[in-house]
Amino acid sequence: RAALAAKAITSGVARCVSVSLTGGLDTHFDNWATEQGPRQRTGFNSIARIIDELSETPHPDGQSSWMDHTNIIAFSEFSRSPRLNTRGGRDHWLNNACLMVGPDVKGGQVIGASSDTGMEPMAVNLQTGQLEPDGEALKPEHVLQTLYHSVGISDDPADLRCDPIGALLK
């Protein structure tokens, strides 16, 4: 799937692809401890292979790679609860994580956190990425707005009513 996604981009078949890179992550029982990690690793390794392939494939402009023209966003439609349930697994959870990679994305950082009690999202300063009581709890629309800004769309065509995560933008 990862190879097909990269090939679709580099061959001009598609400008945008969506691909499921792993499955079996709905682990409500004690299989969470043994199956969740290896399955996530499969997904992350697939993302790494896409990045490698795009980085190694010359772009038609002759001066850059396809990765210099591609944004990648990875996420799950739901996350797992921070605490084990009574069956030794983890249930669905509203907080989530997202990975962003691209030519206009500042990498190598974690932005956001959850509280020690209640595991609620904590507010961050969108420009610095640091925790700040007067900041905003990150939502999916912040990520989408960041993607829009990274490709030069800054007039909020979707009327998302939020700012991008400036700390992620170069």
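When a residue number appears, it is its place in the shown sequence, counting from 1.
The shortest heavy-atom contact between Gly129 and Ala167 is N-CB, 3.5 Å.
Taken together through direct or relayed side-chain contacts under 4.5 Å among Ile, Leu, Val, Met, Phe, Trp and Tyr, Val143 and Leu131 form part of one hydrophobic cluster. Note: the hydrophobic cluster containing Phe75 does not contain Ile72 (ILVMFWY, side chain heavy atoms under 4.5 Å, direct or indirect links). Grouping the Ile, Leu, Val, Met, Phe, Trp and Tyr side chains by contacts below 4.5 angstrom, directly or via other members, places Leu138 apart from Leu99. The hydrophobic cluster containing Leu147 does not contain Val101, counting ILVMFWY residues as joined when their side-chain heavy atoms lie under 4.5 angstrom apart, directly or transitively. A continuous path of Ile, Leu, Val, Met, Phe, Trp and Tyr side chains, each step under 4.5 Å between heavy atoms, connects Ile51 with Phe44, placing both in one hydrophobic cluster.
The shortest side-chain heavy-atom distance between Met100 and Lys106 does not fall under the 4.5 Å cut-off. Looking at Leu54 and Ser65, their side chains never come closer than 4.5 Å, going by heavy atoms from C-beta outward. For the pair His149 and Ile165, the minimum side-chain heavy-atom distance is 4.5 Å or more. Residues Leu169 and Pro164 have side chains in contact (heavy-atom distance under 4.5 Å, counting atoms from C-beta outward). Side-chain contact between Lys7 and Thr57 is absent, with no heavy-atom pair separated by less than 4.5 Å. The side-chain heavy atoms of Gln109 and Ile111, taken from C-beta on, include a pair separated by under 4.5 Å. Residues Ser154 and Tyr148 have side chains not in contact (no heavy-atom distance under 4.5 Å, counting atoms from C-beta outward). Contact annotation: the side chain of Ser114 approaches that of Asn95 to within less than 4.5 Å [non-hydrogen atoms, C-beta and beyond].
Residue Arg39 holds its CZ atom at 15.0 Å from CG of Leu21, rounded to the nearest 0.5 Å. With values rounded to the nearest 0.5 angstrom, Thr86 atom OG1 is found 9.0 Å from Phe29 atom CZ. With rounding to the nearest 0.5 angstrom, the NE2 atom of His92 is 4.5 Å from the CZ atom of Arg80. Atom CG of Leu168 and atom OG1 of Thr146 lie 5.5 Å apart (nearest 0.5 Å). A distance of 11.5 Å separates OG1 in Thr70 from CD in Glu53, rounded to the nearest 0.5 Å. Between the NE2 atom of His59 and the CH2 atom of Trp66 there is a distance of 4.0 Å, given to the nearest 0.5 Å.
In this structure, Arg90 satisfies the cation-pi test against Trp32, with its NZ or CZ atom closer than 6.0 Å to the six-membered ring centre and inside 45 degrees of the ring normal.
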**OP:** Test Thr22 against Ser46 for side chain to side chain contact (heavy atoms under 4.5 Å, CB included), laying out the working first.
**Re:** CA-CA 9 Å; Thr22 192; Ser46 296; over 6 Å; no
**OP:** Begin from the C-alpha positions of Gln36 and Leu25 and carry the test side chain to side chain contact (heavy atoms under 4.5 Å, CB included) through to its verdict.
**Re:** CA-CA 6 Å; Gln36 188 71 215; Leu25 298 172; 3.4 Å; yes
Original post:
Asp116 and Glu120: side chain to side chain contact (heavy atoms under 4.5 Å, CB included), yes or no, with the steps?
Top reply: CA-CA 8 Å; Asp116 291 337; Glu120 299 298 322; over 6 Å; no
Original post:
When you look at Met119 and Arg83, which way does the side chain to side chain contact (heavy atoms under 4.5 Å, CB included) test go after all the steps?
Top reply: CA-CA 9 Å; Met119 306 298 171; Arg83 295 195 174 122; 3.9 Å; yes
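In the model, His69 has a side-chain atom that pairs as donor or acceptor with a side-chain atom of Asp61 under 3.5 Å. Between the side chains of Thr42 and Asn45, not a single donor N or O lies within less than 3.5 Å of an accepting N or O. When only modelled atom types and interatomic distance are considered, Glu35 and Thr27 share no side-chain donor-acceptor pair under 3.5 Å.
Residues meeting the side chain to side chain contact (heavy atoms under 4.5 Å, CB included) test with Asp104, sequence neighbours left out: Ser150. Listed by chain and residue number, Ala5, Ala8, Ile9, Ala14 satisfy the side chain to side chain contact (heavy atoms under 4.5 Å, CB included) test with Val17 (two or more places apart in sequence, or in another chain).
A distance-only check finds a donor-acceptor pair linking the side chain of Arg1 to the backbone of Ser20 [under 3.5 Å]. With hydrogens and angles ignored, the 3.5 Å screen pairs no side-chain donor or acceptor of Arg49 with any backbone N or O of Ala3.
For residues 132-141, the pairs satisfying side-chain hydrogen bond (donor to acceptor under 3.5 Å, both in side chains) are Asn125-Glu132, Glu136-His142, with sequence neighbours left out.
Within 6.0 Å of CZ on Arg87 lie more than 12 heavy atoms contributed by other residues, nucleotides or ligands.
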